[in-house]
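Naming: A, B, ... by sequence-line order, numbering from 1 per chain.
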There are 2 protein chains.
Amino acid sequence: MTPPAPIRKPRADSQRNREKLLSVAKDAFAAQGPDVSLEEIARRTGVGIGTLYRHFPNRDAIIADVYRREVGQLAGAAAELLDSHPPLDALRAWMRLFVDYIGAKKIMASALNSLAGGTTELYAASGPLITNAIALLLDRCKADGAIRPDAEPMDLMMALVGVAYNTSAGPGWQAAALRVVDILIAGIKQMDSPQAAL
Amino acid sequence: MTPPAPIRKPRADSQRNREKLLSVAKDAFAAQGPDVSLEEIARRTGVGIGTLYRHFPNRDAIIADVYRREVGQLAGAAAELLDSHPPLDALRAWMRLFVDYIGAKKIMASALNSLAGGTTELYAASGPLITNAIALLLDRCKADGAIRPDAEPMDLMMALVGVAYNTSAGPGWQAAALRVVDILIAGIKQMDSPQAAL
DNA sequence: TGATAAACGGAGGGTTCCTCCGTATATAAA
DNA sequence: TTTATATACGGAGGAACCCTCCGTTTATCA
């Protein structure tokens, strides 16, 4: 099906530029939110605006690429936590991690948010990663009988995004975020399981 | 302190235009999100861009005004529900209402979200209304012993915004939203109260 | 009916988005 | 090495948008 492999090596300058653009964009987005001027990013990177647009056809594309890796790390943490903690603890720990992580980078929150808004491309890039991570955690918890069997990954995801987004709001947000995580945990516990009484 | 009351009646055309701008803006925001062109709004309204800017010094101002009333209605519903339902039921019903209501108008979600993001003016306009509504509901529930006494209004608010924002995402979002509401309700129930067993 | 404070409208300067295309260069073949 | 060319680069430029400024119009009040 694939036509004979392309003959040429990708040009080195191209790769370099792409890399550097992503790095600059990451900082810019983190510092100024998702509305930074793309021309600004190109300028700071030291390339022409045309170069930026050749690598990333539009703003969403660059956002998606920027935070694909980050989301990957977050998703990876789920498996690690499960290795070292009982399922329910792992779930709680991961949820806190999620809130911290996303809260620190608002772009990601608005990206995850836009799950709804039509910019599906963004979600398509990283949504499944997160969903799978949550699903993994939930499945283990269910296997343990620690949580109700009808809990859906997306349910938690939706709530967490909201919490993460409002993170860093005022003083006390951190405590608030932890409280919400605990409320969610309490809410999905299996009510008639032994642990529920805790 | 106030200087002698102004002598002139406000001009009729001014009020008319302001009203019409708000109405058009409301539809435009609902249909296209918070990034609609203000010139477009002025155009559709049939006034010059200058007129729009005289009435609303910037985009945030117009958003704030547009959704101030809506939020007011939502807040009012809390009291009504409390009149006709037991506290916990009222709370659940109101939360569902919140999700539906905000979900239908993305602007409001992103406005509420921006609670965090620095655009505090937006939140200042309507945030307290919502917070008070939730506080009222929670207080009644606490008085009944139906929920844990440490539940904070903002906690629920944060989670709800996330759910609302992702509302209308894919098929099944509605069911998902209801599930999350129930998870939250379960999470804030007073565990050792009589109702908890339900 | 006039005077005038108030409101209107839109031109215009600045910024950003994204496209297009002539120029430069890294790669591969000679 | 040299040459040919596919590939990438850079930035000018048209369109849309933001918001300001100010000359013109008009609703109010005497």
Enquirer: Counting only side-chain heavy atoms from C-beta out, which of dG9(C), dT27(C), dC18(C) sits nearest to Leu38(A)?
Expert: dC18(C)

Enquirer: Would you kindly give the CZ-to-P distance between Arg18(B) and dA6(C), to the nearest whole Å?
Expert: 17 Å

Enquirer: On the side chain of Arg11(A), is there an atom forming a donor-acceptor pair with the base of dT27(C) - under 3.5 Å, no angle test?
Expert: no

Enquirer: Rounding to an integer number of Å, can you tell me how far Leu21(B) CG sits from dA7(C) P?
Expert: 14 Å

Enquirer: Starting at the 5' end of DNA chain C and moving along, which residue's nearest nucleotide shows up first, Gly50(A) or Val36(A)?
Expert: Val36(A)

Enquirer: Any heavy-atom pair between the side chains of His85(A) and Leu91(A) that's under 4.5 Å?
Expert: no

Enquirer: Between Arg43(A) and Glu40(A), does any side-chain N to carboxylate O distance fall below 4.0 Å?
Expert: yes

Enquirer: Using 4.0 Å as the upper bound for N to carboxylate O, is an ion pair formed by Asp13(A) and Arg18(A)?
Expert: no

Enquirer: For DNA chain D, note the earliest and the latest nucleotide, 5' to 3', having some atom under 4.0 Å of a heavy atom belonging to chain B.
Expert: dC17(D) to dC29(D)

Enquirer: If we only count heavy atoms from C-beta on, is the Glu152(A) to Met157(A) side-chain gap below 4.5 Å?
Expert: no

Enquirer: From CD of Glu39(A) over to C1' of dT19(C), roughly how many Å is that when rounded to an integer?
Expert: 12 Å

Enquirer: Would a 4.5 Å heavy-atom cut-off, applied to side chains only, mark Ile62(A) and Phe29(A) as touching?
Expert: yes

Enquirer: Would you indicate which nucleotide in dA5(C), dC8(C), dC17(C) comes nearest to any side-chain atom of Tyr53(A)?
Expert: dC17(C)

Enquirer: Quick one: bend of the helix from dT1(C)-dA30(D) to dA30(C)-dT1(D) from 5 pairs per end, to 10°?
Expert: 10°

Enquirer: Could Asp182(A) and Arg179(A) be called an ion pair, given the rule that one side-chain N must be under 4.0 Å from one carboxylate O?
Expert: no

Enquirer: OP1 or OP2 of dG9(C) less than 4.0 angstrom from a side-chain nitrogen or oxygen of Thr51(B), does that happen here?
Expert: yes

Enquirer: Starting at the 5' end of DNA chain D, which residue's closest nucleotide do you reach first, Ser14(A) or Asp13(B)?
Expert: Ser14(A)

Enquirer: Whole angstroms only, please: what is the CZ-C1' distance between Arg16(A) and dT25(C)?
Expert: 11 Å

Enquirer: Starting at CZ of Phe56(A) and ending at P of dT16(C), how long is that distance when rounded to a whole Å?
Expert: 20 Å

